[in-house]
Amino acid sequence: QPTPQPTPQPTLPPLDHKGKDPSGPLGLCEGDCDNNGDCKGGLNCFERDGYTSVPGCAGLGKEEADYCFDPSNPAMPNLVSRPGTWGSNAADPLGACEGDCDADSECKEGYVCFQRDDKAPVPGGSG
């Protein structure tokens, strides 16, 4: 009998920089957007610093460029505010999309603490 093939992992669309002020609404993982109105319906503009990862998209894109993303992507885990972490160190290391963290040392190995302002989207997290 043939060896069963592994189930292929879904591939994320690559970031696609269309220029500084592209015409028309931008699609998923396209940039450079300045606000949600620059993106096609249902997509939001992910404003980032440097090469911050864009949720649901692959690649680095252009430095400082902002890209359209799908905030309702079911593949992104929900943000979780773990009790007892606000303003203090977490007793146990925090996992993906868990908070509140103030330093990378509060996160599980391989994760970094994403510092955000107000309700800025967290790369890879939903909510």
Side-chain angles (χ1 to χ4, degrees):
Q1 283 197 338
T3 304
Q5 294 293 321
T7 304
Q9 293 296 318
T11 56
L12 298 174
L15 292 174
D16 184 6
H17 188 260
K18 299 290 188 182
K20 178 77 176 120
D21 292 308
S23 62
L26 297 166
L28 182 64
C29 302
E30 293 180 344
D32 182 29
C33 56
D34 294 316
N35 57 58
N36 293 345
D38 292 339
C39 301
K40 289 182 180 175
L43 301 178
N44 286 351
C45 183
F46 185 82
E47 297 182 35
R48 64 188 195 150
D49 294 318
Y51 290 106
T52 302
S53 297
V54 177
C57 303
L60 295 175
K62 182 174 171 59
E63 186 176 16
E64 299 297 326
D66 304 322
Y67 292 87
C68 298
F69 78 108
D70 182 358
S72 64
N73 183 341
M76 295 190 302
N78 288 324
L79 299 181
V80 176
S81 179
R82 184 141 16 117
T85 59
W86 186 257
S88 62
N89 290 343
D92 295 313
L94 298 167
C97 301
E98 291 183 331
D100 173 63
C101 62
D102 296 306
D104 293 347
S105 60
E106 296 179 57
C107 303
K108 290 181 179 177
E109 187 175 335
Y111 292 104
V112 295
C113 180
F114 181 77
Q115 298 289 322
R116 68 181 187 157
D117 294 321
D118 197 28
K119 296 192 183 285
V122 175
S126 175

Can you tell me how far the CZ atom of Phe69 sits from the CZ atom of Arg48, to the nearest 0.5 Å? 12.5 Å
Min side-chain heavy-atom separation Pro93-Cys107 under 4.5 Å: no
Got a sec, which pairs hit ring pair (Phe, Tyr, Trp, His ring centres under 6.0 Å) with one end in residues 15-44, sequence neighbours left out? none
Considering non-hydrogen atoms only, spot the tightest contact between Asp70 and Leu28 and give its length. N-CD1, 3.7 Å
Measuring from Cys29:SG to Leu12:CG, what's the distance to the nearest 0.5 Å? 7.5 Å
Show your working on side-chain contact (heavy atoms from CB on, under 4.5 Å) between Asp34 and Asp21 and close with a plain yes or no. CA-CA 9 Å; Asp34 294 316; Asp21 292 308; 3.9 Å; yes
Please report the interatomic distance SG(Cys68) to CG(Asp38), rounded to the nearest 0.5 Å. 7.0 Å
What's the shortest heavy-atom distance between Leu26 and Gly31, and which atoms? CD1-CA, 3.8 Å
Pairwise distance CG(Asp49) to CD(Gln115) - rounded to 0.5 angstrom: 12.0 Å
So do Asp66 and Cys45 actually touch side chain to side chain, heavy atoms under 4.5 Å? yes
Can you find a heavy atom in the side chain of Glu106 that is under 4.5 Å from one in the side chain of Tyr111? no
Taking atom OH of Tyr51 and atom CD of Glu64, what is their separation to the nearest 0.5 Å? 9.0 Å
Between Thr52 and Phe114, is there a side-chain heavy-atom distance shorter than 4.5 Å? yes
Give a yes or no answer on whether the side chain of Asn36 reaches the backbone of Asn44 with a donor-acceptor pair at less than 3.5 Å. no
Scanning both residues in full, the closest heavy-atom pair of Gly61 with Tyr67 reads CA-OH, 3.4 Å
If you measure from NZ on Lys108 to CG on Asp92, what distance do you get to the nearest 0.5 Å? 8.5 Å
Determine whether Leu15 and Leu60 satisfy the following criterion, side-chain contact (heavy atoms from CB on, under 4.5 Å), listing intermediate values before the conclusion. CA-CA 7 Å; Leu15 292 174; Leu60 295 175; 5.8 Å; no
